[in-house]
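Down below is the structure, laid out as structure tokens.
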Amino acid sequence: GACIVGYDCLYSTACANETDFCIDYDGMPIFFSGENHNVPAEEQIRISGPLSKIMQFWVLALGKPDDVQADATFGHANFSTCPDLVPGCVWCKDFPGCAADEMPLCLGRPQNQVSCLPPTTTTTTRS
């Protein structure tokens, strides 16, 4: 996928202030604080409103391996309530194509792209 904001990305210039969502990417208003090369560096990215596509959140910290420490925080506001299902659709948790001990993973894609996750177990050993 495309790198939207940051070093060597589509956008690297800072927006004027925290209320200025100066970047429009695929209909999504985005605020970017700009690149910060000071130590410690802090950068912010905010997207206003709903996402128009599936996105990934990645952080790249530049520097010598022993000198780099990065903390990344991701958050979101409350989701609005879901609309009524359209005829022929089922909630992800009710997807009929998974075995009884599997969990469906739905990403808002067509039914043939739903993944069925196998059960997991954890073993704890005490000494």
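Under the side chain to side chain donor-acceptor pair (under 3.5 Å) criterion, no residue pair touches residues 93-102, with sequence neighbours excluded.
Rounding to the nearest 0.5 angstrom, the gap separating the CD atom in Glu35 from the SG atom in Cys9 is 8.0 Å. Considering CG of Asn17 and CZ of Phe31, their distance stands at 7.5 Å, rounded to 0.5 Å.
Closest non-hydrogen pair, Ala14 versus Ser33, comes out as CB-O, 3.1 Å. Taking every heavy atom of both residues into account, Cys98 and Ser115 meet most closely at SG-O, 4.4 Å. A pairwise comparison of heavy atoms in Cys92 and Pro104 identifies O-CG, 3.0 Å as the closest pair.
No donor-acceptor pair under 3.5 Å is formed between the side chain of Ser48 and the backbone N or O of Pro29.
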- Item | Intermediate values then yes/no, side chain to side chain contact (heavy atoms under 4.5 Å, CB included), Trp58 and Cys3 | CA-CA 9 Å; Trp58 290 76; Cys3 177; over 6 Å; no
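Residues satisfying the side-chain hydrogen bond (donor to acceptor under 3.5 Å, both in side chains) criterion with Glu18, sequence neighbours excluded, are Arg46.
The other residues sharing a hydrophobic cluster with Ile30 are Ile4, Val5, Leu10, Tyr11, Ile23, Tyr25, Met28, Phe32, Ile45, Ile47, Leu51, Met55, where clustering joins ILVMFWY side chains under 4.5 Å apart.
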